[in-house]
Asks: 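Sharing a structure, written as structure tokens. Questions coming.
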Protein chains: 2
Amino acid sequence: MKRAKKKVFADFMSQRGLKSTKQRDIILDSFLSSDRHLSIEELYLKLRSKHPNIGYATVYRTLKLFAEAGIAREMQFGDGQTRYEHVSEGEHHDHLVCTRCGHIEEFENETIEKLQDEVANSRGFLIERHRLEIYGLCANCRK
Amino acid sequence: MKRAKKKVFADFMSQRGLKSTKQRDIILDSFLSSDRHLSIEELYLKLRSKHPNIGYATVYRTLKLFAEAGIAREMQFGDGQTRYEHVSEGEHHDHLVCTRCGHIEEFENETIEKLQDEVANSRGFLIERHRLEIYGLCANCRK
DNA sequence: ATGCCAATGAATGTCACTTTCATGATGGCG
DNA sequence: CGCCATCATGAAAGTGACATTCATTGGCAT
């Protein structure tokens, strides 16, 4: 799966006439082996220890590229930071966000999706995408 | 309903030992007679023509007060601005957001709410609040 | 190896808040 | 009514998270 995404990204890059660089390789590796909902800052700090020569701007621009290439998606969970989520083709899910520890869980619910379609149809709305987030305390923080 | 909210706000203010001022009265009036999803900037500009003496900071602080008093709620729809929505007691709704014209519609769906509770329960999650937004083209913009 | 064009990173700019601070109002009290 | 402790206001400065600029570096096709 990591391999598949590297392929997707490489294809995207060559298709756009963009170059392969050490930094991009490192950032992609690090992204793919990270938490599924990482902010620019978090990824930048994670890299900094091993690769102090990679700048914030490069991480920022590279994550944007991932999003354009379709292997990442920008998300906002209300903590003031944009987070980049791993995208697997054809997959969609929603989120449970812990307001205490920041933990993010994913879930899927086909019925909810269908009901959303119905709502949109009844209003003449053409759905492009949606977001559903449930905020509260995770099982761990409830103790 | 406007009257009721003014009462709620007045009570909140006196309970907190805060003062009634011309500016706050004007901002409250303007807020209550506005679109249901207004940003600080929008409300500020709306006021500016008639009351050039009211500063941005005052609008900003007053909207925060409305939120604390429970007559408004802060919302993010991904356009980079915080919007303040009118809150009616005990009412909850979700949103359809037009990505072309910015139009925001509200909807309620009891079944979706229940399914969310089920999802949260199955994960041991204690729900505080949730947000569901459907982005796409409104009936008008589809033409 | 060479040259063109993209990539990098330090620095700077932008935007939407958010806070500060000197000045101006409010309202309880005598 | 007048005093004055507080709160409120608004211009300006500060913040934080991006987003862009620009001089320099570095891929890679030839």
Side-chain angles (χ1 to χ4, degrees), chain A residues 9-31 37-69 72-84 102, chain B residues 9-31 37-69 72-84 102:
Chain A
F9 187 58
D11 289 350
F12 169 82
M13 295 297 273
S14 73
Q15 198 166 45
R16 296 257 291 240
L18 302 177
K19 291 167 183 171
S20 154
T21 68
K22 281 193 232 62
Q23 288 91 334
R24 286 174 177 167
D25 289 348
I26 292 167
I27 294 171
L28 179 53
D29 266 334
S30 190
F31 176 69
H37 302 91
L38 214 59
S39 69
I40 305 170
E41 183 76 14
E42 284 166 355
L43 185 49
Y44 170 63
L45 292 176
K46 179 179 172 183
L47 287 165
R48 228 164 114 72
S49 48
K50 285 203 172 182
H51 307 279
N53 50 317
I54 295 183
Y56 176 96
T58 300
V59 177
Y60 161 78
R61 283 179 295 222
T62 305
L63 282 173
K64 288 269 180 201
L65 277 181
F66 293 171
E68 284 184 65
R73 186 188 294 125
E74 298 187 348
M75 306 238 55
Q76 307 283 158
F77 294 106
D79 65 347
Q81 303 220 151
T82 298
R83 290 175 182 285
Y84 287 80
Chain B
F9 187 58
D11 289 351
F12 168 82
M13 295 298 274
S14 73
Q15 198 167 43
R16 296 257 290 239
L18 302 177
K19 289 168 183 170
S20 153
T21 68
K22 281 192 232 58
Q23 288 91 333
R24 284 173 178 168
D25 290 347
I26 292 168
I27 295 171
L28 179 53
D29 267 334
S30 191
F31 175 70
H37 303 91
L38 214 57
S39 69
I40 304 171
E41 184 76 14
E42 285 167 355
L43 185 48
Y44 171 61
L45 291 177
K46 179 178 172 184
L47 287 166
R48 228 164 114 72
S49 48
K50 284 202 172 182
H51 306 279
N53 50 316
I54 294 183
Y56 177 95
T58 301
V59 177
Y60 161 78
R61 283 178 296 222
T62 305
L63 282 173
K64 288 268 181 202
L65 278 181
F66 293 171
E68 283 185 64
R73 186 188 295 125
E74 296 186 350
M75 307 237 55
Q76 308 281 158
F77 293 106
D79 65 348
Q81 304 219 152
T82 298
R83 289 174 184 285
Y84 287 80

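Throughout, protein chains are lettered first and strands after them, A, B, ... in sequence-line order, and every chain is numbered starting at 1.
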Asks: Scan nucleotides 24-30 of chain D nucleotide by nucleotide, 5' to 3', and note B when protein non-hydrogen atoms come under 4.0 Å of the base, S if they reach only the sugar-phosphate, - if neither.
Replies: --BBS--
Asks: What distance do B:His51 atom NE2 and B:Thr58 atom OG1 have between them, rounded to the nearest 0.5 Å?
Replies: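 These two atoms lie 13.0 Å from each other.
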Asks: Hey, what do you get for OH (A:Tyr60) to OH (A:Tyr84), rounding to the nearest 0.5 Å?
Replies: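 A:Tyr60 OH to A:Tyr84 OH: 7.0 Å, rounded to 0.5 Å.
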Asks: What distance separates B:Leu45 CG from B:Tyr56 OH, expressed to the nearest 0.5 Å?
Replies: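 The OH atom of B:Tyr56 is 9.5 Å from CG of B:Leu45, to the nearest 0.5 Å.
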Asks: For the pair made of CD1 in A:Ile26 and P in C:dT8, what is the distance, rounded to whole Å?
Replies: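 Between P of C:dT8 and CD1 of A:Ile26: 10 Å.
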Asks: Hey, does B:Met13 have a side-chain heavy atom less than 4.5 Å from the side chain of B:Leu65?
Replies: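 In short, these two side chains touch, coming nearer than 4.5 Å.
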Asks: Return the CD1 to OG distance between B:Ile54 and B:Ser30, rounded to the nearest 0.5 Å.
Replies: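 Here the interatomic distance stands at 8.5 Å.
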Asks: Let me know the distance between CZ of B:Arg24 and P of C:dG24, rounded to the nearest Å.
Replies: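 These atoms are roughly 18 Å apart.
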Asks: For residues B:Gly55 and B:Tyr44, report the shortest heavy-atom separation together with the two atoms involved.
Replies: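 That would be C-CE1, 3.8 Å.
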Asks: Between B:Gln23 (CD) and D:dA11 (P), how many Å, whole number?
Replies: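 It is 11 Å, rounded to the nearest whole Å.
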Asks: What are the residues of residues 56-69 of chain B, sorted by number, that bring a heavy atom to within less than 4.0 Å of DNA chain D?
Replies: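 Those residues are B:Ala57, B:Thr58, B:Arg61.
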Asks: Looking only at heavy atoms, what is the nearest atom pair of A:Phe31 and A:Leu63, with distance?
Replies: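 In terms of heavy atoms, the two residues are closest at CD1-CD2, 4.0 Å.
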Asks: What is the distance, rounded to the nearest whole Å, between atom OH of B:Tyr84 and atom C1' of C:dA16?
Replies: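 After rounding, the reported distance stands at 11 Å.
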Asks: What integer distance in Å separates B:Met13:CE from C:dG27:C1'?
Replies: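 Rounded to whole Å, this separation is 14 Å.
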Asks: Over all heavy atoms of both residues, which pair between A:His37 and A:Glu42 is shortest? Give the atoms and the distance, please.
Replies: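 Heavy atoms only, the tightest pair is O-OE1, 4.0 Å.
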Asks: Can you tell me how far NZ of A:Lys50 sits from CD1 of A:Ile26, rounded to the nearest 0.5 angstrom?
Replies: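 So the CD1 of A:Ile26 and the NZ of A:Lys50 are separated by 10.5 Å.
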Asks: From CE of B:Met75 over to P of C:dA16, roughly how many Å is that when rounded to an integer?
Replies: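 B:Met75 atom CE is separated from C:dA16 atom P by 19 Å.
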Asks: With DNA chain D as reference, determine whether B:Gly55 or B:Arg16 sits nearer its 5' end, using the nearest nucleotide of each.
Replies: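 Per heavy-atom nearest nucleotide, the more 5' residue is B:Arg16.
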Asks: Please compare B:Gln76 and A:Gly17 by the position of their nearest nucleotide in DNA chain C and report the one closer to 5'.
Replies: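 First, find each residue's nearest nucleotide; the 5'-ward one identifies A:Gly17.
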Asks: Contact class for B:Thr82 vs. all strands (heavy atom < 4.0 Å): base, sugar-phosphate, or nothing?
Replies: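 Contact class for B:Thr82: sugar-phosphate only.
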Asks: Can you list, by residue number, the residues of residues 43-53 of chain A that have a non-hydrogen atom closer than 4.0 angstrom to DNA chain D?
Replies: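 None, since no heavy atom is under 4.0 Å.
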Asks: How many Å lie between CD on B:Glu74 and P on C:dA16, as a whole number?
Replies: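 Rounded to whole Å, this separation is 16 Å.
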Asks: Do the side-chain N or O atoms of A:Gln81 get closer than 4.0 angstrom to the phosphate oxygens (OP1, OP2) of D:dG16?
Replies: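 Looking at the OP1 and OP2 atoms of D:dG16, neither is under 4.0 Å from any side-chain N or O of A:Gln81.
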Asks: Mind checking the CD-OG1 spacing from A:Gln76 to A:Thr82? Nearest 0.5 Å is all I need.
Replies: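 One gets 4.0 Å once the value is rounded to the nearest 0.5 Å.
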Asks: Show the nearest heavy-atom pair for residues B:Gln81 and B:Ser39, with the distance to one decimal.
Replies: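 Scanning both residues completely, I find the closest heavy atoms to be NE2-OG, 2.6 Å.
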